[in-house]
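Just the heavy atoms: all of them, side chains too, but no hydrogens, waters or symmetry mates, feed the values below. Chain letters run A, B, ... following the sequence lines, proteins first, then strands; residues in each count from 1.
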Amino acid sequence: MDVSELLDGLNDKQRDAVAAPLENMLILAGAGSGKTRVLVHRIAWLMQVENASPYSIFAVTFTNKAAKEMRTRVEETIKSSVGGMWIGTFHGLSHRILRAHHSEAKLPESFQIIDSDDQLRMIRRLLKALNIDDKKWPAKQVSWYIGAKKDEGLRPKDIKAYDQNEQMLLRIYTAYQEACDRAGLVDFAEILLRCFEVLNNNASLLRHYQDRFPHILVDEFQDTNTVQYAWLKLLAGKTNNVMTVGDDDQSIYGWRGAKIENIRRFLEDFSANTIRLEQNYRSTATILKAANTLIANNSERMGKNLWTEGNKGDPISIYAAFNELDEARFIVGKIKEWKNQGKNLIDTAILYRSNAQSRILEEAMLHEGIQYRIYGGMRFFERQEIKDALSYLRLVNNRQDDAAFERVINTPTRGIGNKSIGLIRECARNESLPLWYAAHSLIEQKQLTGRAANAISSFISLITHIETEIKDSVLAEQAKFAINHSGLMAMYQAEKGEKARSRIENLEELINACSQFELPDEEDFSSPLSGFLSHVALESGEGQADEHDDAVQMMTLHSAKGLEFPLVFMAGVEEGMFPSQQSHDDSERLEEERRLCYVGITRAMEKLFISHAESRRLYGQEKQHAPSRFLREIPDDCIEEVRIKTQVTRPQASNRFSNAVSTAAFEETGFKLGQRVMHKKFGEGIVLNYEGSGSQSRVQINFLDVGSKWLVTSFAKLQAI
DNA sequence: AGCCGAGCCTTTTTT
DNA sequence: AGGCTCGGCT
């Protein structure tokens, strides 16, 4: 390939970055400035101009999606496969190192990864076992504490607890870590910290990796936390070259440990030069001016001003809605106009600060028959039924896996009640044994009564049976066997309702996912099963299975980072919502909210609508909110206020019937989600929801009409239309 | 083991 | 308000 191809079509700054000499560098890349392109071309440049072997390149991202995109784009550019190159997420690459050196890391070969839900369950159990009041030390808060300490690179021994509260947290952290170690489990933060420690404590190992990877590239550098930074510094050593790409103005993850100051530290520690990418290829000049002016209110910036060769474009429209229903109606109305111009829904996004805001918007979309897709929520591999099935496989893979044991010991129910499980836990604690072996020992020592002993024995033989039967099968067959013979499938088949049906589909999809799975041959797994289990833990899958071809994209501002849309709506831009109430009195958090707003604005390519509601129902109460301060920070000449032309009708109070009906009763009626129906008294509506809430089988049916919502129980009053 | 009401909590999310 | 968990009851 002609080297000039790598520079053609790039602007001067991009070219400087791609063709920079071999030294440490910070690329301050503004929104929409083509940073992925620069990274990809830089990798190609290293290979083609600097004669770097693919084996010498190490590229780190935060998300699997970003890693995948980088991989494909590098392959497209160099027109060959990137074998030998390490491209992956912080967690993925750290995990890879841990697998290869599990004994140095003091981990069993069959170690597995637990997600935050598993972690929470483990902590809950621990609190109970240690007889700690979970009102005073809620599991959520404990897991947050442990995660935060690990992100800081701190082990219990490194922490000095100043008050009683922290002493307790520390005690739980210690116990939690012991439990994880005993079970051969690592949580997400542990992957990073443990990998750092292995390299830090093992000079020859570290040297091996330092020698292998002279070229290190890091994406979204502003999101790195303390351990990630230390890890990079370790790998870089004194001689390797690090190129970091990031944008301090888009740092929005401080609340989960990201250290924006790592950018400045990097400049100092690595004596790095800075290249600014400020030319924007995404948005109109108006949108960029609004974003620039807004973000200028933050202090301690690296400094950056986005510009474009493009047009001024339309002004940003600001709509002062009467309330959240009016806001939703306005947005849906504008989307309909867009659609009627023959444009695509997929090019539009509604962004909001918190997930709770999506419901009203969703109802309005459904009411008007506009297809939408909501991002966020449960991912495939996090679903209950999937985790149940995986837990059987995990237990087969590693008998020490207490988290998996707890999950399936009585799922489906097999007569092992809380009492027996309590005995097993107690024995495990006293003998410092994994639950599996504790159960064994209790039975051998005849410390369990007849029925319970039988039930536990048969559970033990079930797992052993599954293991022997699937030993020689391919992965998909293994999963299929476990799902069927554990009784999981039968359990969900016996359940009624829409939910159970989709669970069965998901279990089938899991088998399908197994057959699609390719074991990466360059990684060290003890078995394909072990590889698959790690894969699903590190990549939890897509949020929603059902994707419409053309649908409005709805998501939080956080999940919009990195994306772009011709038409963008930012909803709920009010004091108390955005910036959120919790950030009001803290200037650092306020600045992060402002960066979030900056991220939101810079998602828009052609047209941006911002709306705020004067009154909004929040936590069951009507709240009056002033327009967000961020609106005042956008220059007037970028804005057009949308005046209300017709009088807004106040929404009717919601009419509500209590009394729930069962799923079965609903299904007998033959009504379907989204169906239009007529109510004898209240008129036309749409069936929005008939799922029970939580584990309860109660059913809600909501109807929407002029913004009111009813819970209806009497189907006699309904008629399909 | 399943059903149901009381009570509690409520920003953002990836791995 | 709405979703979820817990504990008591059948």
Side-chain angles (χ1 to χ4, degrees), chain A residues 60-67 88-95 113-117 119 124 134-135 138-140 144 147 150-151 186-192 220 223 225 227-228 252-258 324 351-357 359-360 375-379 381-382 410-418 491 495 534-541 543 555-562 572 576-584 589 592-593 595-596 599-600 616-623 654 656 658-660 662 689 691-698 700 702 709 711:
Chain A
V60 201
T61 64
F62 271 86
T63 65
N64 291 303
K65 197 175 151 200
T89 63
F90 279 94
H91 291 86
L93 298 176
S94 298
H95 170 254
I113 303 160
I114 53 171
D115 66 13
S116 13
D117 183 61
Q119 185 187 36
R124 284 210 186 96
D134 64 352
K135 294 276 183 295
K140 268 258 177 65
W144 185 85
K150 288 189 179 182
D151 285 348
V186 294
D187 59 45
F188 290 132
E190 184 71 23
I191 296 176
L192 302 175
E220 303 279 15
D223 289 336
N225 63 30
V227 179
Q228 286 160 340
I252 54 174
Y253 287 109
W255 52 275
R256 66 174 196 215
E324 77 274 21
L351 311 181
Y352 33 80
R353 176 67 238 267
S354 78
N355 284 309
Q357 287 169 257
R359 220 194 73 250
I360 301 288
Y375 285 77
M378 274 277 157
R379 289 187 168 58
F381 293 114
E382 289 168 4
N410 202 31
T411 310
T413 51
R414 44 175 72 88
I416 305 176
N418 281 332
M491 176 179 96
E495 253 176 55
S534 300
H535 167 78
V536 302
L538 286 173
E539 189 161 1
S540 38
M555 66 192 84
T556 61
L557 286 149
H558 280 89
S559 28
K561 195 169 90 166
M577 300 279 293
F578 190 26
S580 77
Q581 195 59 56
Q582 292 92 323
S583 328
H584 258 219
R589 297 175 82 178
E592 184 153 309
E593 295 281 306
R595 293 193 288 269
L596 189 56
V599 167
R616 178 184 298 272
R617 203 159 245 282
L618 202 63
Y619 305 141
Q621 269 177 334
E622 205 73 33
K623 296 265 192 211
S654 79
R656 169 169 275 277
S658 48
N659 291 334
S662 70
N689 183 12
E691 297 225 9
S693 61
S695 60
Q696 290 171 359
S697 57
R698 275 181 302 207
Q700 272 190 344
N702 297 326
K709 186 180 57 194
L711 184 67

Chemist: Can you tell me how far C1' of B/dT13 sits from CD of A/Gln228, to the nearest Å?
Modeler: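 The distance from CD of A/Gln228 to C1' of B/dT13 comes to 14 Å, rounded to the nearest Å.
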Chemist: Nearest whole Å is fine: how far is C/dC6 C1' from A/Arg124 CZ?
Modeler: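 In whole Å, C/dC6 C1' and A/Arg124 CZ are 11 Å from each other.
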Chemist: With DNA chain B as reference, determine whether A/Ile416 or A/Ser580 sits nearer its 5' end, using the nearest nucleotide of each.
Modeler: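 Mapping each residue to its closest nucleotide by heavy atoms, the 5'-most match is A/Ile416.
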Chemist: Do any N or O atoms from the side chain of A/Asn64 and from the backbone of A/Leu538 form a donor-acceptor pair under 3.5 angstrom?
Modeler: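 Answer holds: yes.
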Chemist: Mind checking A/Asp134 for me? I need base, sugar-phosphate or nothing, with any heavy atom below 4.0 Å counting as a touch.
Modeler: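 It contacts nothing in the nucleic acid.
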Chemist: Regarding B/dT11, can its base be found pairing with the side chain of A/Arg589 as donor and acceptor, where the two atoms are less than 3.5 Å apart?
Modeler: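 For A/Arg589, whose side chain was compared with the base of B/dT11, there is a donor-acceptor pair (under 3.5 Å).
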Chemist: How many whole angstroms separate atom CD of A/Glu539 from atom P of B/dT14?
Modeler: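 Value for this atom pair: 12 Å.
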Chemist: Quick one: label A/Arg617 by what it contacts on the DNA or RNA (base, sugar-phosphate, nothing), any heavy atom closer than 4.0 Å.
Modeler: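 Sugar-phosphate only.
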Chemist: Tell me which nucleotide among B/dT12, B/dT15, B/dA1 gets nearest to the side chain of A/Leu538.
Modeler: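 Minimum distance to the A/Leu538 side chain belongs to B/dT15.
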Chemist: Looking for any heavy atom pair under 4.0 Å, which part of the strands does A/Arg595 touch: base, sugar-phosphate only, or nothing?
Modeler: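 Here A/Arg595 touches no strand at all.
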Chemist: Take atom C1' in C/dC6 and the same atom in B/dT11, then report the distance between them in whole Å.
Modeler: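 Per the computed distance, 25 Å lies between those C1' atoms.
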Chemist: Mind checking A/Ser354 for me? I need base, sugar-phosphate or nothing, with any heavy atom below 4.0 Å counting as a touch.
Modeler: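 Touches sugar-phosphate only.
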Chemist: Tell me: NE2 of A/His558 to P of B/dT13, nearest whole Å?
Modeler: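 Roughly 7 Å, once rounded to whole Å.
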Chemist: Can you find an N or O donor on one side and an acceptor on the other, under 3.5 Å apart, linking the side chain of A/Ser116 with the base of B/dT15?
Modeler: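 Yes, the side chain and the base share a sub-3.5 Å donor-acceptor pair.
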Chemist: A/Asn410 side chain to A/Ile416 main-chain N or O, any donor-acceptor pair under 3.5 Å?
Modeler: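 Indeed, once roles are kept as given, a pair shorter than 3.5 Å links the two residues.
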Chemist: Kindly point out which of B/dT15, B/dT13, B/dT11 is positioned nearest to the side chain of A/Thr63?
Modeler: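 The closest nucleotide is B/dT15.
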Chemist: Hey, does A/Asn64 reach any base, or is it just sugar-phosphate, or nothing, if we go heavy atoms under 4.0 Å?
Modeler: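 If one applies the 4.0 Å heavy-atom cut-off, A/Asn64 turns out to touch the sugar-phosphate alone, with no base involved.
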Chemist: By nearest atom, which of the nucleotides B/dT14, B/dT13, B/dA1 is closest to the A/Arg379 side chain?
Modeler: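 Per side-chain heavy atoms of A/Arg379, the pick is B/dT14.
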Chemist: Using a 6.0 Å cut-off, check whether atom CD of A/Glu622 has over 12 heavy atoms from anything other than its own residue.
Modeler: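 More than 12 heavy atoms, drawn from other residues, nucleotides or ligands, come within 6.0 Å of this atom.
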Chemist: With a non-hydrogen cut-off below 4.0 angstrom, is A/Phe62 in contact with a base, only sugar-phosphate, or nothing?
Modeler: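 The answer is sugar-phosphate, as A/Phe62 gets under 4.0 Å only of primed atoms, P, OP1 or OP2.
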Chemist: Rounded to the nearest Å, what distance is computed from the CD atom of residue A/Glu495 to the P atom of nucleotide B/dG2?
Modeler: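 Spelled out: CD on A/Glu495 to P on B/dG2 is 9 Å.
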Chemist: With heavy atoms under 4.0 Å as the rule, sort A/Asn355 into base, sugar-phosphate or nothing.
Modeler: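 Sugar-phosphate: the residue A/Asn355, judged by heavy atoms under 4.0 Å, touches backbone atoms but no base.
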Chemist: For a quick check of understanding: with a heavy-atom distance under 4.0 Å over all strands, which category does A/Phe578 fall into, base, sugar-phosphate or nothing?
Modeler: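 Counting heavy atoms under 4.0 Å across all strands, no contact is made by A/Phe578.
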Chemist: In terms of ring plane angle, is the pair A/Trp255 and A/His558 parallel, tilted or perpendicular, where the classes change at 30° and 60°?
Modeler: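 Rings of A/Trp255 and A/His558: perpendicular, as their planes differ by over 60°.
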Chemist: Is the phosphate of B/dT14 approached by A/Arg256 (side-chain N or O, under 4.0 Å from OP1 or OP2)?
Modeler: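 No, no such contact exists.
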Chemist: In the structure I gave you, are the side-chain heavy atoms of A/Phe62 and A/Thr89 within less than 4.5 Å of one another anywhere?
Modeler: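 A side-chain contact is absent here, since even the closest heavy-atom pair is not under 4.5 Å.
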Chemist: With nearest nucleotide decided by heavy atoms, which residue, A/Tyr619 or A/Lys135, maps closer to the 5′ end of DNA chain B?
Modeler: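 That would be A/Lys135.
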Chemist: Do the side-chain N or O atoms of A/Thr556 get closer than 4.0 angstrom to the phosphate oxygens (OP1, OP2) of B/dT13?
Modeler: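 Yes, because at least one side-chain N or O of A/Thr556 sits under 4.0 Å from OP1 or OP2 of B/dT13.
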Chemist: Look at the side-chain N and O atoms of A/Ser559 and state whether any lies under 4.0 Å from the OP1 or OP2 oxygen of B/dT13.
Modeler: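 The answer is yes; a side-chain N or O of A/Ser559 sits under 4.0 Å from OP1 or OP2.
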Chemist: Go through the structure and list residues passing side chain to side chain contact (heavy atoms under 4.5 Å, CB included) with A/Glu593, not counting sequence neighbours.
Modeler: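 If we apply the side chain to side chain contact (heavy atoms under 4.5 Å, CB included) test to A/Glu593, skipping adjacent residues, the hits are A/Arg353, A/Phe578, A/Pro579, A/Ser580, A/Ser583, A/Phe630.
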Chemist: For the side chain of A/Thr413, starting at C-beta, report the closest nucleotide among B/dT15, B/dT12, B/dA1.
Modeler: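 The listed nucleotide nearest to A/Thr413's side chain is B/dA1.
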